[in-house]
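A short worksheet on the structure shown next.
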2 protein chains.
Amino acid sequence: MENELTVVLEQLTRLVRQLATAGELSMSALMLLGRLEREGPQRLTELAVGEGVSQPGMTQLVGRLERDGWVRRTTSTGDRRGVLVEVTPAGRELVGVRRNQRAEALNHLLSTLHPEDQAAIGRALPALTRLIEARTSVTTPRSTTHV
Amino acid sequence: MENELTVVLEQLTRLVRQLATAGELSMSALMLLGRLEREGPQRLTELAVGEGVSQPGMTQLVGRLERDGWVRRTTSTGDRRGVLVEVTPAGRELVGVRRNQRAEALNHLLSTLHPEDQAAIGRALPALTRLIEARTSVTTPRSTTHV
DNA sequence: TCGTTTTCCATAACTGTATTATGCATCGTT
DNA sequence: AACGATGCATAATACAGTTATGGAAAACGA
């Protein structure tokens with residue numbers, strides 16, 4: 001079974017790689033924007049932990065997004081060291097558009113499958129969620145397992 | 001349903017990103033080595049198409065792998081323009097080790113799930129394979145859909 | 001209150017991964 | 001023999017990620 005899973009994972013990896021370099025925004029950027037849109041303004045360090053990248057990596061990502069007008073750095077908290085990152089209206093708009101595109105594409109893809117296949121995927125989703133959950137909780141910082 | 005699928009895809013993206021920068025070999029490199037080990041020596045252009053990257057991208061990837069001794073460029077075919085890329089013994093060894101690590105990790109992960117969850121994933125694998133199949137066949141070169 | 005430690009972020013330096021545009025050698029074809 | 005097509009390499013660029021380091025502000029401890 002894990003062989004077949006491996007094939008699926010490798011194909012998904014190719015998919016993710018292509019998505020990461022296509023269109024106006026990278027996958028990392030889109031996911032960050034999505035988080036900010038869902039959860040509201042957050043500290044830079046929180047974002048780094050949440051997205052699973054290093055703090056300097058997050059600083060740079062936020063820098064690029066700020067340069068292009070999708071997010072804004074503010075310092076509104078009492079702590080003057082802290083930086084609060086928030087999505088701009090333009091960024092919010094962009095997230096909405098991309099979310100719709102994605103939902104549409106996924107629905108179209110799913111519609112090409114037989115109903116039994118759709119049902120099988122639907123029934124496996126909670127399990128898949130838990131599978132990934134198990135991995136991320138097992139993983140200690142910077143000790144990635146070799147999946 | 002596509003919302004839940006999206007969550008799984010996003011989590012997978014984080015996983016892929018972490019795997020891509022961890023350990024001695026990137027995800028791209030491992031997948032290329034795996035292909036060469038499975039399917040034997042191949043032309044550089046074939047590899048680029050198979051892995052879904054541009055030809056210069058593949059040239060560079062092969063260059064890094066060659067520098068580190070995992071693959072070799074040969075020109076054995078009649079066509080003197082062509083480059084045949086083959087995995088070295090060291091590369092073959094490395095692929096085997098990583099494959100085992102991965103299988104072990106996946107099995108461990110699966111074993112943490114309830115049997116019903118495992119069964120659900122098992123039943124969904126063929127459907128997932130077809131889902132990905134549908135996407136890659138729909139996608140024309142450099143016109144990535146927004147999944 | 002003052003010194004020390006810790007936290008938060010930025011910067012520097014580096015590596016890798018990808019792209020497009022371009023050029024050169026070779027192959028096939030006419 | 002010339003010409004177009006093919007195969008690969010290179011250049012230039014941008015993004016994505018890392019570790020190491022530094023500086024400012026906060027928190028803490030006598």
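Chain A is the first sequence line, chain B the second, and so forth, proteins listed ahead of strands; every chain is numbered from 1. Note that these values count all heavy atoms, side chains included, but never hydrogens, waters or copies made by symmetry. All values derive from a computational prediction rather than experimental measurement.
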Touch class at under 4.0 angstrom, heavy-atom based, for B/R14 against every strand present: nothing
5′-ward residue of the pair A/G78/A/S26 relative to DNA chain D: A/S26
Length of the CG-C1' vector between B/L61 and C/dT15, whole Å: 14 Å
Side-chain-base donor-acceptor pair under 3.5 Å for A/Q60 and C/dT11: no
Minimum heavy-atom distance A/L44-A/M58, with the two atoms named: O-CG, 3.7 Å
Whole angstrom value for the distance that separates C1' of C/dT15 from CE of B/M27: 19 Å
Closest nucleotide among C/dA12, D/dC15, C/dT17 to the A/P56 side chain: C/dA12
Salt bridge (Lys or Arg N to Asp or Glu O under 4.0 Å) between A/R98 and A/E37, intermediate numbers included: CA-CA 13 Å; A/R98 296 291 300 242; A/E37 202 270 339; over 6 Å; no
Separation of C/dA18 C1' from A/L19 CG (nearest whole Å): 14 Å
Touch class at under 4.0 angstrom, heavy-atom based, for A/R43 against every strand present: sugar-phosphate
Between C/dC9 (P) and A/E66 (CD): distance, integer Å: 13 Å
Integer-rounded Å distance: D/dT6 P and B/L44 CG: 17 Å
Residue A/T59, side-chain heavy atoms: nucleotide from C/dT11, C/dG16, D/dC8 that is nearest: C/dT11
Distance below 4.0 Å between B/R64 side-chain N/O and C/dT17 OP1 or OP2: yes
Presence of B/S28 side-chain N/O under 4.0 Å of C/dA18 phosphate oxygens OP1/OP2: yes
Heavy-atom pair of closest approach, residues B/A48 and B/Q55: CB-CA, 4.0 Å
B/E39 atom CD, neighbour heavy-atom count above 12 within 6.0 Å: yes
Gap between atoms CE and C1', on B/M58 and D/dT6 respectively (whole Å): 18 Å
Closest to the A/S54 side chain, choosing from D/dA9, C/dT17, D/dT19: D/dT19
Closest to side chain of A/R73, choosing from C/dA10, C/dA18, D/dC8: C/dA10
Quiz item: A/R81 side-chain donor-acceptor pair to C/dT7 base, under 3.5 Å: yes
OP1 or OP2 of D/dA24 under 4.0 Å from side-chain N/O of A/R80: no
D/dA14 OP1/OP2 closer than 4.0 Å to side-chain N/O of A/R67: no
Which residue lies more 5' along DNA chain D, comparing A/D79 with A/Q55 via nearest heavy atoms: A/Q55
Gap separating the CD1 atom of A/I121 from the CG atom of B/L131, nearest 0.5 angstrom: 4.5 Å
Sugar-phosphate only, base, or nothing, as touched by A/G57 at under 4.0 Å among non-hydrogen atoms: base
Whole-Å gap separating C1' (C/dT17) and CG (B/L25): 13 Å
Atom pair CG/CD of A/D68 and A/E24 - distance to nearest 0.5 Å: 9.5 Å
Between D/dG17 (P) and A/E51 (CD): distance, integer Å: 10 Å
